[in-house]
Every structure is written in C-alpha cells, then in structure tokens.
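Worksheet for the structure shown next.
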Number of protein chains: 2
Amino acid sequence: MIITLDFKSETPVYVQLRNAVVVAIGRGDLKDGEKLPTIRQLAQELGINAMTVNKAFAIMKKEGFITIDRRHGAMVTKPEGGNTEYREKLEQELTLVISEASLKGVGRKEFLDTCSGIFAMLAEGQRPVAE
Amino acid sequence: MIITLDFKSETPVYVQLRNAVVVAIGRGDLKDGEKLPTIRQLAQELGINAMTVNKAFAIMKKEGFITIDRRHGAMVTKPEGGNTEYREKLEQELTLVISEASLKGVGRKEFLDTCSGIFAMLAEGQRPVAE
DNA sequence: TTATTTGTATTATATATTATAATACAAATA
DNA sequence: TATTTGTATTATAATATATAATACAAATAA
C-alpha cells in the first residue's frame, strides 16, 4: 500500500489517509475483501502515530468502506446501498464544486467529460481478479 | 443576502461563509458586479466576529471570486480563466468524490445526471438582468 | 475642515482540533 | 503462555478557530 502524506498540507493527516484509502478502493488498488495492514504496521510505515491511523480507520468503518474485527483486522467492504443521507450530502458537495467550476470557466461539457474520464479510469482497476 | 450558518458543524464558520457566497454567485443570487455588504455589516447580520468575515473575504479575494477596494467595498467578480492550477485541484477533488460515489452505489449515469441537473439549476439564475 | 466608515492589521484570549506519547485491557492468535 | 489485535484512556504540545479590543491610513460624507 503506497500512500504519500503531505505534512505541510492543511488537510489533517487522518483525513489525508482516509481519502487515500477511499481512492485506492475506488481505483481497485484495494479490492473488496482485501485485508489492510494493521493499525500499528501502517502507523510505522507512514511514520505517524497509531492513534492517528486508528482515527482514519474508525471513520472509514463508520462510513462503511471497511469492516474491522479483532480476528481478521481491517478489511475492504462494499458499503450498503440505498443511502439517502449520503446522496443528499453528495448533492450539496457537488453544488459547491460545480459553482466553483463554472465560475472558474469550466463549463458543463468540460466538467461532465472530466467526470466521465475519471469514471473510466476507476473502472479499469475494477475488473475481477483475472488480469 | 440570506446565509445560514451551522455553529454545530465541524466546518469552520469562515469556510461555511465562503462556500455560501460562492454558491450564491454560482446560483446567480449574487450577480457579477454586485456589491457585498461591508465586513462589519455582515458580521453583525450573522452574529459573528468581523475578523471571521474578513478571513472569508480574504480567501475569496485570493481565489478571484470578489475584488475589494476601500472605496466600493467588496464586489462580485468573474475570476480569470485558463487556470491550470485550479483544474488540477478540481480533478483531484473529483477523483475523491467519484470514488466515494461509486463505492456508495452511485454509478456513472446517475452521477452525471445529478451534475447536469445542478448545472441546469445554476444556469436558471444566470440569465441577464431581464427577468 | 471634521467626523465617520472602509478594509486591514495587530495583540490577546479562549476553545477546539490535531497529533503524538505512553499505557492499559479484553479478545484472539500462535 | 506469550504475543498481537483493535480499542480506550490520559497527558501533552502545537496548531486552528473564533472572539475581543484596538489601531491606522484611505476614502467618504457632513
């Protein structure tokens, strides 16, 4: 698991870590069912405190991206579908992003094409195990 | 200018204010060239400290969404186009949002339709002054 | 002119967030 | 039994956030 942290960033380390793992799952670098390193291992690899890793893991657990049990550690999981609460949050977030974008001169077409490109990029890593 | 702040939110007040103004511009509730309230006025309206408003204004000024001079106060402005730096930031942000979305069961089509809908919603408020 | 208002800056203070450190514990594993 | 796991607690330090009280030059309004 290759995760790079920017300690000069204003984004908290535990958020950076959470985001990196979510994108890694999205990209297929981490497959469904795959085990994550232990909290202490990951903390050592990244050179950060175990409690910081724990915080990121606790969030992802709550969000449904991973499951944790004491026997098998953390494991990538598909979140439950039909999440209205999430969809509302997504619409709010997109309203902000799209407002910024259109003011910055990124029009509808360019924006949608960019999104399509990202979906295509992510889909490449999501093919079954046969590669 | 109707802006509601959530003091229980974990999003800092100055970020909430900045986001609200950006969306208001995006929605056309604030038109290009329109004057914003003074920092002290807005602070009083919202029941927050003037320095907090100042921080939000300073950020938007830096981002190019508003211009400020001592004579006319703050004024909505169209940012300069051709911003490669912004476009890179946008792609990164969208990669995270789309990773989350697809893991939460929001597929390409639903996502793009949602974006299209938001663009359409924003465009309604962007017609010239003739209404 | 004078008085007021503007954005901006500074200093101080209080609180919250972030990150680390040092432990501790029950559950599970080897 | 000894070790490792996730989890929890406490303490500490640094940073971020928000408010408060001023101050100042530039511009405006009287």
Side-chain angles (χ1 to χ4, degrees), chain A residues 1 3-22 25 30 33-77 79 96, chain B residues 1 3-22 25 30 33-77 79 96:
Chain A
M1 175 132 60
I3 287 172
T4 50
L5 300 173
D6 178 5
F7 293 100
K8 295 168 205 150
S9 166
E10 60 193 28
T11 305
V13 172
Y14 76 91
V15 176
Q16 289 185 51
L17 176 55
R18 176 267 179 194
N19 289 350
V21 172
V22 171
I25 301 173
L30 290 171
E34 191 166 341
K35 278 181 63 177
L36 293 175
T38 67
I39 287 176
R40 289 176 176 85
Q41 269 177 15
L42 196 50
Q44 195 176 19
E45 274 181 42
L46 299 174
I48 60 178
N49 191 274
M51 287 299 98
T52 306
V53 177
N54 183 66
K55 191 165 184 180
F57 274 35
I59 290 172
M60 290 187 286
K61 178 184 174 183
K62 191 181 170 193
E63 292 176 321
F65 294 124
I66 61 175
T67 52
I68 305 178
D69 73 74
R70 213 176 290 273
R71 286 167 286 183
H72 307 103
M75 183 193 272
V76 176
T77 316
L96 175 59
Chain B
M1 174 131 60
I3 287 173
T4 50
L5 299 174
D6 177 7
F7 294 101
K8 294 168 203 149
S9 165
E10 59 193 29
T11 305
V13 172
Y14 76 92
V15 175
Q16 289 185 52
L17 175 55
R18 177 266 179 196
N19 290 349
V21 172
V22 170
I25 301 173
L30 292 171
E34 191 165 341
K35 279 180 63 178
L36 293 175
T38 67
I39 288 176
R40 287 177 176 86
Q41 270 177 15
L42 196 50
Q44 195 177 19
E45 275 181 42
L46 299 174
I48 60 178
N49 190 273
M51 288 297 97
T52 306
V53 177
N54 183 66
K55 191 165 184 180
F57 273 34
I59 290 172
M60 289 188 284
K61 178 183 174 183
K62 191 180 170 195
E63 293 176 321
F65 294 124
I66 62 176
T67 53
I68 305 177
D69 73 75
R70 213 174 289 272
R71 285 166 289 182
H72 307 102
M75 181 192 273
V76 175
T77 316
L96 175 59

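Note that the structure is a prediction, hence the values are computed from the model and not measured. Proteins come first, then strands; the chains are lettered A, B, ... in the order of their sequence lines, and each starts at number 1.
The side chain of Ile39(A) lies closest to dG6(D) when the candidates are dT20(C), dA21(D), dG6(D). Listed nucleotides: dA26(D), dA8(D), dA27(C). Nearest to the side chain of Arg70(A): dA27(C). Between dA18(D), dT7(D), dT18(C), one nucleotide has an atom nearer to the side chain of Thr52(B) than all others, and that is dA18(D).
Looking at Arg40(A), its side chain comes within 3.5 Å of the base of dT7(D) through a donor and an acceptor atom.
The nearest whole Å value for the distance from the CG atom in Leu46(B) to the C1' atom in dA18(D) is 14 Å. For the pair Lys62(A) NZ and dT7(D) P, the interatomic distance rounds to 14 Å; values are reported in whole Å. Atom NE2 of His72(A) and atom P of dA27(C) are 17 Å apart (whole Å). Between Ile68(A) atom CD1 and dA28(C) atom C1' the separation is 15 Å, expressed in whole Å. In this structure, the CE atom of Met51(B) is 8 Å from the C1' atom of dA9(C), given to the nearest Å. The CZ atom of Phe7(B) sits 13 Å away from the C1' atom of dT17(D) (whole-angstrom rounding). What separates CG of Asn54(B) from C1' of dT19(D) is a distance of 13 Å, to the nearest Å. Remark: P of dG7(C) and CE of Met60(B) are 12 Å apart, rounded to the nearest angstrom.
Within the nucleic acid shown, Arg71(A) comes within 4.0 Å of sugar-phosphate atoms alone, with no base atom in reach, counting heavy atoms only. Residue Tyr14(B) is in sugar-phosphate contact alone, with no base atom involved, counting any heavy-atom pair closer than 4.0 Å across all strands shown.
The partner of dA3(C), taking Watson-Crick or G-U wobble pairs whose two distances both stay under 3.5 Å, is dT28(D). Taking a pair to require two hydrogen-bonding distances under 3.5 Å in either a Watson-Crick or a G-U wobble arrangement, dA24(C) pairs with dT7(D). When both distances must be under 3.5 Å, the Watson-Crick or G-U wobble mate of dA14(D) is dT17(C).
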- [ ] Please report the C-alpha distance between Asp6(B) and Lys8(B) in whole Å, then the side-chain angles of each, then the deciding distance to 0.1 Å, and finally whether the salt bridge (Lys or Arg N to Asp or Glu O under 4.0 Å) criterion is met.
- [x] CA-CA 5 Å; Asp6(B) 177 7; Lys8(B) 294 168 203 149; 5.6 Å; no
Task: side-chain contact (heavy atoms from CB on, under 4.5 Å) between Thr77(B) and Phe65(B), worked out - done: CA-CA 5 Å; Thr77(B) 316; Phe65(B) 294 124; over 6 Å; no
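Look at Lys55(B) and you'll find a side-chain N or O under 4.0 angstrom from OP1 or OP2 of dT17(D). The side chain of Lys61(B) places an N or O atom within less than 4.0 Å of a non-bridging phosphate oxygen (OP1 or OP2) of dT8(C). At least one side-chain nitrogen or oxygen of Thr38(B) sits closer than 4.0 Å to the OP1 or OP2 atom of dT6(C).
DNA chain C is contacted by both Gly73(B) and Ile48(A); Gly73(B) maps to the nucleotide lying nearer its 5′ end (nearest heavy atom per residue).
For the pair Val21(B)/Ile3(B), a side-chain contact is recorded, criterion being any heavy-atom separation below 4.5 Å from C-beta on.
In terms of modelled atom types and a separation under 3.5 Å, the side chain of Ser9(B) and the main chain of Thr11(B) share a donor-acceptor contact.
Nearest heavy-atom pair across Tyr14(B) and Ala56(B) is O-CB, 3.5 Å. Of all the heavy atoms in Ile39(A) and Ala50(A), the pair that sits closest is CG2-O, 3.4 Å.
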